[in-house]
Amino acid sequence: MADLVLVYGMRLLPADEVASVQAAPIALKNGNEAQVTMHILEGSRESIEAQLRHSLDAFFDFYPEL
């Protein structure tokens, strides 16, 4: 299997200041474009960490061959 790249970004902001979130564009070497779906996790630090761990586990469940 070829090497993979996990594309992600994180930023903490006050929950009441976020108005909207859009997909982030990715330019591929072959000239095509892809998008990364952005996700929002809200709560305390502990809650966000737990949700992030759960989301990461669920993400890799989509790729059982890895």
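Along the sequence shown, residues carry numbers from 1. Reckoned from all heavy atoms, side chains included, excluding hydrogens, waters and symmetry mates.
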Evaluate the side-chain contact (heavy atoms from CB on, under 4.5 Å) criterion for residues Met10 and Leu52: first the C-alpha distance (whole Å), next the side-chain angles of each, then the deciding distance (0.1 Å), finally the verdict. CA-CA 11 Å; Met10 289 191 272; Leu52 185 57; 4.0 Å; yes

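Not counting sequence neighbours, the partners of Ser44 by the side-chain contact (heavy atoms from CB on, under 4.5 Å) test are Glu46, Ser47. In this structure Arg11 satisfies the salt bridge (Lys or Arg N to Asp or Glu O under 4.0 Å) test with no other residue, sequence neighbours excluded. Looking at residues two or more places apart in sequence or on another chain, you find no side chain to side chain donor-acceptor pair (under 3.5 Å) involving Arg53. By the side-chain contact (heavy atoms from CB on, under 4.5 Å) test, Asp61 pairs with no residue at all, sequence neighbours left out. Every residue two or more places apart in sequence or in another chain that forms a ring-ring contact (aromatic ring centres under 6.0 Å, His included) with Tyr63 is listed here: Phe59.
Residue Val7 is not grouped with residue Leu56 when hydrophobic side chains (ILVMFWY) are merged at heavy-atom distances under 4.5 angstrom, including chains of intermediate members.
Residues Gln51 and Glu42 come closest through the heavy atom pair NE2-O, 2.9 Å.
Atom CG of Leu12 sits in a sparse spot, with 12 or fewer heavy atoms from other residues, nucleotides or ligands closer than 6.0 Å.
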All N/O donor-acceptor pairs, side-chain side in residues 22-41, below 3.5 Å, sequence neighbours left out:
residue : atom : partner : partner atom : Å
Asn30   : OD1  : Asn32   : N            : 2.8

